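Below is one structure, written out as structure tokens; the observations come after it.
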Amino acid sequence: MEQKKVFETYESEVRSYCRSFPSVFQKAKGSIITDVEGNDYLDFFCGAGAVNYGHNNDYIKEKMISYLQNDGILHALDMMTDSKAEFLKFFEEQVLKPRGLDYKVMFVGPTGTNGVEAALKLARKVKQRTSIWALMGCFHGMTLASLALTSDKDSRKGAGIPLEYVTHIPAPYMFEQLDTISYMETLLTDDHSGIEKPAAIIIETVQAEGGIHVFEKDYLQNLRRLCDRHDILFIVDDIQVGCARTGTFFSFERADIIPDMVILSKSIGGAGLPFALTLFKPELDLWTPGEHNGTFRGNQLAIVAAKAGLEYMLEHQIEAEVQRKSVIIEHYLTKHIPSDQASVRGIGMIWGIDVYHGEYSSAITKQCFENGLIIERAGRDNSVVKLMPALTISDQQLLDGLNIICNAVNSVLKQKI
């Protein structure tokens, strides 16, 4: 209790997750987080997607410890280091080339929003246009250019200034009778549309914070073709749903498309360390030295952890494991969640249960926490209970967590009828 008062007294009111999970946590291992009183919690939040390989993964941790014990350089700005060279070579030969991808790698500041900012700056520089198109329901970050893309009303309020140079397009799930690809085509070809041609269109192939909306393969392919027809760059934000979360390392692989730019963060840091990358086709590399920089770009310990995380992913066939566990999740949820009161949607190991009311989802996640499960909400009115366990979670832990969730959903919905 005394420790909680420290946060209430000294930490800013901006704090948020601690309000949903009011315990003081001390340690974590795999899919279990333990508080100072010794209570264990199953983690279905996964650091908002930052710890795909579980907390304190033994393989990744050993690589980090070894690097520290050998006095590996921790801060190097964007100077050349052997750890960075090893990461780049591994990423190129083991991740990009096998997927037929040819990207330059840009080490940006340590957060996903910085990766987005860099992508937007480069897109505008390359195309000499100011506008960017994004989809309603998206989340791309909280710094100003990224926030201009983000559609959540409460998030946008924090800017304090007008958020400009972005056109928001209806997401394909929003209107049954609206073909949003045709809508964009009209905006681009109608000389009375009143909308400027953008430098780029940026999307998440699965809207995570938007409520777990999975975009169809055909939609992604048609959007790629639209961008090609009109000389528009196609940017994929893979910050949350990349790094094997959807069952392939990049979330767009299922659509057999190649974006012009890709942004990675969160689990690319290997162990939850701050790390972000912006990838782009070589012909787009028009940066001048230092045109986008930052003191902590290329966090060296995170680079070591990132390479170890990729090694672990490939060695343990995590992509195939995610696809296998996805079937377990879908089967369990569709069997135990009442379809007349909620809807289930997702892919890989990111799933949502839409109970249509924020009041209901809040009660559900609160009950889950009381029963030893950490889980968050997403979507409009935060009405979606968002499942995002570690990709390495055991089958038994996965089933235990699903049981807690389904019991809470059914208990709350029964009371609210």
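Since we're looking at a predicted model, the values are computed, not measured.
The OG1 atom of T189 sits 9.0 Å away from atom CG of D191, with the distance rounded to the nearest 0.5 Å. Going from atom CG of L398 over to atom OG1 of T392 covers 11.0 Å, rounded to the nearest 0.5 Å. Summarising the geometry, atom NE2 belonging to H230 is positioned 5.0 Å from atom CG belonging to L188; distances are rounded to the nearest 0.5 Å. Taking CE of M184 as the start and CG of L223 as the end, the distance is 5.0 Å to the nearest 0.5 Å. Here N114 contributes atom CG and N293 contributes atom CG; the two are 9.5 Å apart, rounded to the nearest 0.5 Å. Distance check: K97 NZ to R99 CZ gives 14.0 Å after rounding to the nearest 0.5 Å.
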Checklist line | Derivation and outcome, ring-ring contact (aromatic ring centres under 6.0 Å, His included), residues F175 and Y183 | finding: CA-CA 12 Å; F175 301 98; Y183 174 73; 9.2 Å; no
Margin query: For L101 and V262: C-alpha separation, side-chain torsions, deciding distance, then whether side chain to side chain contact (heavy atoms under 4.5 Å, CB included) applies.
Written below: CA-CA 11 Å; L101 300 172; V262 183; over 6 Å; no
Check: side chain to side chain contact (heavy atoms under 4.5 Å, CB included) between D179 and E185: does it pass, once the steps are laid out?
Finding: CA-CA 10 Å; D179 179 344; E185 183 76 36; over 6 Å; no
Next item on the list: Kindly determine whether C46 and R245 satisfy side chain to side chain contact (heavy atoms under 4.5 Å, CB included), including the steps that lead there.
Entry: CA-CA 11 Å; C46 204; R245 175 61 58 178; 3.5 Å; yes
Next item on the list: Determine, stepwise, if the pair L220 / I203 fulfils side chain to side chain contact (heavy atoms under 4.5 Å, CB included).
Entry: CA-CA 9 Å; L220 297 173; I203 69 163; 3.4 Å; yes
Margin query: Determine whether F21 and Y41 satisfy the following criterion, ring-ring contact (aromatic ring centres under 6.0 Å, His included), listing intermediate values before the conclusion.
Written below: CA-CA 10 Å; F21 315 123; Y41 297 85; 8.7 Å; no
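With a 4.5 Å cut-off on side-chain heavy atoms, M349 and I393 count as touching. Counting heavy atoms from C-beta outward, Q240 and F139 have side chains that stay 4.5 Å or more apart. Considering only heavy atoms from C-beta on, L310 comes within 4.5 Å of F87 through its side chain. By the 4.5 Å heavy-atom criterion applied to side chains, E330 and V344 are not counted as neighbours. At a threshold of 4.5 Å between non-hydrogen side-chain atoms, the residues I375 and K386 do not count as touching. I258 is listed as a side-chain neighbour of Y103, based on a closest heavy-atom distance under 4.5 Å. Looking at heavy atoms from C-beta onward, L402 lies in side-chain contact with L387 at the 4.5 angstrom threshold. Looking only at side-chain heavy atoms (C-beta outward), R254 and I347 come within less than 4.5 Å of each other.
Salt bridge K89/E92: absent, no basic N to carboxylate O contact under 4.0 Å. Between K127 and D260 there is no salt bridge, since no side-chain N of the basic residue sits under 4.0 Å from a carboxylate O of the acidic one. Using a 4.0 Å cut-off between a side-chain N of Lys or Arg and a carboxylate O of Asp or Glu, K84 and E86 do not qualify as a salt bridge. With salt bridges taken as basic N to acidic carboxylate O contacts below 4.0 Å, one links R19 and E13. Using a 4.0 Å cut-off between charged side-chain N and carboxylate O, K121 and E291 make no salt bridge. Between D256 and R224 there is no salt bridge, since no side-chain N of the basic residue sits under 4.0 Å from a carboxylate O of the acidic one. Salt-bridge formation is detected for the pair K29/D58: a Lys NZ or Arg NE/NH1/NH2 atom is positioned less than 4.0 Å from an Asp or Glu carboxylate oxygen.
Taking the six-membered ring for Trp, F252 and F234 have ring centres at least 6.0 Å apart. Ring centroid separation for the pair Y17 and F45 comes in under the 6.0 Å cut-off.
Annotation for C406 and I337: closest pair SG-CD1, 3.8 Å, computed over non-hydrogen atoms. For the pair S383 and Y356, the tightest heavy-atom approach, listed with the atom from each and the gap, is CB-C, 3.6 Å. In terms of heavy atoms, E376 sits closest to S20 at OE2-OG, 3.4 Å. Listed here is the closest heavy atom pair of I318 and A244: CG2-CB, 4.2 Å. The two residues V241 and V206 have their closest heavy-atom pair at CG1-O, 3.8 Å. For the residue pair K104 and P282, the shortest heavy atom distance occurs at CG-CA, 3.9 Å.
Listed for the S267 side chain is a donor-acceptor partner under 3.5 Å among the backbone atoms of G49. Within the 3.5 Å criterion, the main-chain N or O of S182 finds a donor-acceptor partner in the side chain of T186. Of the possible donor and acceptor atoms, one in the side chain of S265 sits under 3.5 Å from a partner among the backbone N and O of G112. At least one donor-acceptor pair under 3.5 Å links the side chain of Q128 to the backbone N or O of K125. Checked by atom type and distance alone, the side chain of Y67 pairs as donor or acceptor with a backbone atom of I73 at under 3.5 Å. With hydrogens and angles disregarded, a donor-acceptor distance shorter than 3.5 Å links the side chain of R345 to the backbone of G211. Counting only distance, with no hydrogens or angles, the side chain of T150 and the backbone of S146 share a donor-acceptor pair below 3.5 Å. At distances below 3.5 Å, not a single donor-acceptor pair connects side-chain atoms of N403 with backbone N or O atoms of L399. The backbone N or O of K153 sits nowhere less than 3.5 Å from a side-chain atom of R156 that would complete a donor-acceptor pair. Between the S151 side chain and the M136 main chain, no donor and acceptor come within less than 3.5 Å of each other.
Between the side chains of S31 and D43, no donor-acceptor pair is found at a separation under 3.5 Å. Judged by distance alone, the side chains of E315 and Y59 never bring a donor and an acceptor atom under 3.5 Å apart. A donor-acceptor pair shorter than 3.5 Å cannot be found between the side chains of S131 and E196. Side-chain contact of S361 with N382: a donor-acceptor pair under 3.5 Å is absent, judged by distance alone. Counted by atom type alone, S83 and T81 present one or more donor-acceptor pairs between their side chains at under 3.5 Å. H213 and E204 share no side-chain donor-acceptor pair at under 3.5 Å.
In this structure, Q221 places its CD atom where more than 12 heavy-atom neighbours from other residues, nucleotides or ligands lie under 6.0 Å away. Atom NZ of K281 is surrounded by more than 12 heavy atoms from other residues, nucleotides or ligands within 6.0 Å. Remark: Y165 OH is loosely packed, at most 12 non-hydrogen atoms of other residues, nucleotides or ligands lying under 6.0 Å away. Atom NE2 of H75 has more than 12 neighbouring heavy atoms from other residues, nucleotides or ligands inside a 6.0 Å radius.
Among the candidates V166, L135, I263, V236, the single residue satisfying the side-chain contact (heavy atoms from CB on, under 4.5 Å) test with I202 is I263.
Taking the six-membered ring for Trp and thresholds of 30 and 60 degrees, F275 and F107 have ring planes inclined between 30 and 60 degrees apart.
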